[in-house]
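Atoms considered below: every heavy atom in the structure, side chains included; atoms not considered: hydrogens, waters and symmetry mates. Because the structure is a prediction, the values reported are computed rather than measured. Below, chains carry the letters A, B, ... as their sequence lines are ordered, and counting in each starts from 1.
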2 protein chains.
Amino acid sequence: MGLTPYKIAGLLKQRGYRMTLQRRAVLDAIARTEEYLSPASIYEKVARKNPGIGLVTVYRTLEILADLGLLCKVHTGGNCRGYLMSRPSEHHHHVVCSGCGRVVDFTDCVLDELEKKLSRGTGFKLENHLLEFVGRCPDCQKPSPVPVAAQQ
Amino acid sequence: MGLTPYKIAGLLKQRGYRMTLQRRAVLDAIARTEEYLSPASIYEKVARKNPGIGLVTVYRTLEILADLGLLCKVHTGGNCRGYLMSRPSEHHHHVVCSGCGRVVDFTDCVLDELEKKLSRGTGFKLENHLLEFVGRCPDCQKPSPVPVAAQQ
DNA sequence: CTTGTAATTGAAAACATATTTCATTTACAG
DNA sequence: CTGTAAATGAAATATGTTTTCAATTACAAG
């Protein structure tokens, strides 16, 4: 499986960033979570164990992690600002649970053929794409779902 | 082609909504535009011809239009709050220009097979998906691009 | 063409979210 | 240890969206 918080610590240092208690806490919170999280919920999670940490620090840490390519964004959940630790570092997409926010990755992206066709058809020079599936995870399909965590 | 502002006026009435000058203006602004627009840029566009209109009214109108399924959202542009008049009413996706925001629709969505596979593989009951391509439209590929309009 | 009324509007305030500023603290190289 | 550049937190600011409420308006019914 992917990057442990420990490995990431090294990565940060390599890039000239320092490893602080606060960054460690943010990393831990995201890494140990299967759902995507909003900045506010990351802050909440982190502040529970580290009272005194500033929301600003969470935002700044998120910016750095995103910059290093360690975070994925989830759009299909409400506010388009859901963050998630990047599991596979190669090209991948997400299946997101509309109940609990849990995210599963998949790497078999079948869009190459369509992309070529669209490029020919529209004249666009395609650079990127966004693909997410939304549905109910097995747990949330049960009568009394036991969600990983209530997602706003 | 799709829905004219005129037809939409009828649709609004059918649903118990009234047709006001302000809603008309918002509809016109969106319908005559090829790019996706943010609430703020819609307001700006509308206010140019209708000074005195409130930004609140734009938000409320957008909510109604979205509720009626007449608007599409664009995520790939900066803020995930880009709105666009829904052209084909059937299932479709977008190709978005990263230069000018122009949007082209396509209806051949090739995700059925992948969806089935993912559903089997993950146990998720899939409900929906989000697919957008981003690239440069022919105009914006030119040395001195002549974008439809500068996007925020 | 009136008239009554419920829907709609705009201004201001409230709320939510995100970023900047700056003095203080801290990680860590030397 | 120590010096210093990086990082932090509080407060202020900025940006985006929603709520509240009195005044206005669309339009159905007479």
Side-chain angles (χ1 to χ4, degrees), chain A residues 5-6 8-29 36-68 71 73-75 77-83 151-152, chain B residues 5-6 8-29 36-68 71 73-75 77-83 151-152:
Chain A
Y6 180 72
I8 294 170
L11 238 177
L12 272 175
K13 275 188 195 163
Q14 273 178 35
R15 300 281 204 106
Y17 292 111
R18 293 180 180 173
M19 175 50 59
T20 64
L21 278 175
Q22 292 89 339
R23 286 182 184 162
R24 180 94 211 180
V26 171
L27 276 168
D28 279 355
Y36 65 88
L37 300 167
S38 65
S41 60
I42 293 170
Y43 170 68
E44 206 183 331
K45 238 177 202 296
V46 171
R48 226 175 284 145
K49 296 199 173 180
N50 305 62
I53 194 175
L55 178 56
V56 216
T57 299
V58 172
Y59 275 105
R60 283 190 280 228
T61 303
L62 289 175
E63 196 183 334
I64 290 173
L65 296 179
D67 188 51
L68 296 183
L71 291 185
K73 260 191 190 178
V74 172
H75 287 257
N79 60 3
C80 292
R81 193 114 188 193
Y83 288 106
Q151 198 69 20
Q152 104 265 63
Chain B
Y6 181 72
I8 294 170
L11 239 176
L12 273 175
K13 275 187 194 164
Q14 273 177 37
R15 299 282 203 105
Y17 291 113
R18 294 179 177 173
M19 176 49 61
T20 64
L21 279 175
Q22 292 89 339
R23 286 180 184 164
R24 180 93 211 182
V26 170
L27 276 168
D28 280 354
Y36 66 88
L37 299 167
S38 66
S41 61
I42 293 170
Y43 169 69
E44 205 185 330
K45 239 177 200 299
V46 171
R48 226 174 283 144
K49 294 197 173 179
N50 305 61
I53 195 175
L55 177 57
V56 214
T57 300
V58 171
Y59 274 103
R60 283 190 282 229
T61 303
L62 290 175
E63 196 182 334
I64 291 173
L65 295 179
D67 187 52
L68 295 183
L71 291 186
K73 260 193 192 178
V74 171
H75 287 257
N79 60 1
C80 292
R81 196 118 186 190
Y83 289 106
Q151 198 70 19
Q152 107 267 61

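When heavy atoms are screened at a 4.0 angstrom cut-off, R23(B) is found touching the sugar-phosphate backbone but no base atom. Among the protein residues, L21(B) comes within range of no part of the nucleic acid, since none of its heavy atoms lies under 4.0 Å from any strand.
Phosphate proximity of dT17(D) to R81(B): present, with a side-chain N or O under 4.0 Å from OP1 or OP2. Contact check, T20(A) against dT8(D): a side-chain N or O comes under 4.0 Å of OP1 or OP2. Between Q22(A) and dG9(D), a side-chain N or O to OP1/OP2 separation shorter than 4.0 Å is present.
Taken from CD1 in I53(A) to CG in L21(A), the straight-line distance is 9.0 Å, to the nearest 0.5 Å. To the nearest 0.5 angstrom, S41(A) atom OG is 12.5 Å from R81(A) atom CZ.
The closest donor-acceptor contact from the side chain of R23(B) to the backbone of R18(B) lies under 3.5 Å.
Toward the 5' end of DNA chain D, the nearer of the two residues G16(A) and P39(B), judged by each one's closest nucleotide, is G16(A). When each of I64(B) and Y17(A) is assigned the nucleotide of DNA chain C with its nearest heavy atom, I64(B) is the one assigned upstream, toward the 5' end. Along DNA chain C, the nucleotide closest to K13(A) and the one closest to G54(B) are compared, and the more 5′ of them pairs with G54(B). Nearest-nucleotide positions on DNA chain D for R18(B) and R60(A) put R60(A) closer to the 5' end.
At whole-Å resolution of the value, OH in Y43(B) and C1' in dT17(D) are 14 Å apart. Distance, L55(B) CG to dG16(D) C1': 9 Å, rounded to whole Å. One can place CD1 of I42(B) at 14 Å from P of dG16(D), the figure rounded to the nearest angstrom. Atom P of nucleotide dG16(D) and atom CD of E63(B) are separated by 19 Å, given to the nearest angstrom. Between the OH atom of Y59(B) and the P atom of dT15(D) there is a distance of 13 Å, rounded to whole Å. In this structure, Q14(B) atom CD and dA28(D) atom P are separated by 13 Å, rounded to whole Å.
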Any chance you could lay out the side-chain contact (heavy atoms from CB on, under 4.5 Å) test for V26(B) and Y83(B), step after step, and finish with the verdict?
CA-CA 12 Å; V26(B) 170; Y83(B) 289 106; over 6 Å; no
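Checked against dC28(C), dT18(D), dC27(D), the side chain of M19(B) finds its nearest nucleotide in dC27(D).
Between A29(A) and L37(A) the shortest heavy-atom distance is O-CD1, 4.2 Å.
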